[in-house]
Amino acid sequence: MTDLFIDARLRAARPLQFAWAMLPGEHQAELYARGPVDGLLCDLQHGLISYSDMVAMIRAVHRAGKPAFVRPPLDDFAMVSRALDAGAAAIVMPMINSPDD
């Protein structure tokens, strides 16, 4: 359901507004997601969020009916598949500055 929501917003050229979480917390993730944002981004690149924190936060965001995006640590491509397996709707890759990257 959330993938269709994201797709429809992007096709309509309507921006998405996400809360950006750098601190772990299942309950705060759900509170953010129940607010006036379109979803939550869990920042594992610069934040203090561990893998288990990320999984709990994704579940909490899903309970609120919103999509969760994940920004994995730099060069941790294994975390990309783990985040998607945990239910992330999208991945925001750090340090992508060119088509070659």
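Computed from heavy atoms alone, side chains included, the values below leave out hydrogens, waters and symmetry copies.
- Of the inter-residue distances, the one linking R59 atom CZ with M54 atom CE reads 10.0 Å to the nearest 0.5 angstrom.
- You'll find the side chain of L41 reaches within 4.5 Å of the side chain of W20, heavy atoms only.
- Taking both residues in full, the closest heavy atoms of F18 and P67 are given as CE2-O, 3.8 Å, listed atom of the first, atom of the second, then distance.
- Applying side-chain hydrogen bond (donor to acceptor under 3.5 Å, both in side chains) to E30 and the options K66, R63, H62 leaves one that passes, R63.
- Distance check, rounded to the nearest 0.5 Å: CG of L44 to CE of M22 gives 10.5 Å.
- Contact check for D75 versus M95: no side-chain heavy atoms found under the 4.5 Å cut-off.
- Taken to the nearest 0.5 Å, the CE atom of M57 stands 4.0 Å off from the CD1 atom of I49.
- Nearest heavy atom pair, residue P94 against residue Q45, reads CG-OE1, 3.7 Å.
- Considering CZ of R71 and CE of M79, their distance stands at 14.0 Å, rounded to 0.5 Å.
- For S50, the side chain to side chain contact (heavy atoms under 4.5 Å, CB included) test picks out S52, D53, with sequence neighbours left out.
- Using a 4.5 Å cut-off between side-chain heavy atoms of Ile, Leu, Val, Met, Phe, Trp and Tyr, with links allowed through other members, M93 and L40 fall into the same hydrophobic cluster.
- A continuous path of hydrophobic side-chain contacts links I91 to V55 [ILVMFWY only; heavy atoms under 4.5 Å].
- Closest approach of A68 and I58 over heavy atoms only: CB-CG1, 4.0 Å.
- Listed for the D76 side chain is no donor-acceptor partner under 3.5 Å among the backbone atoms of P72.
- One N or O on the side chain of D38 and one on the backbone of Q17 form a donor-acceptor pair closer than 3.5 Å.
- Neither V61 nor L31 shares a network with the other; the hydrophobic side chains, linked directly or stepwise wherever heavy atoms of I, L, V, M, F, W or Y lie under 4.5 Å apart, form separate groups for each.
- Shortest non-hydrogen contact noted between E26 and A56 is CG-O, 3.7 Å.
- Cluster membership check: Y51 shares its hydrophobic cluster with F77, using side-chain heavy-atom separations under 4.5 Å among Ile, Leu, Val, Met, Phe, Trp and Tyr.
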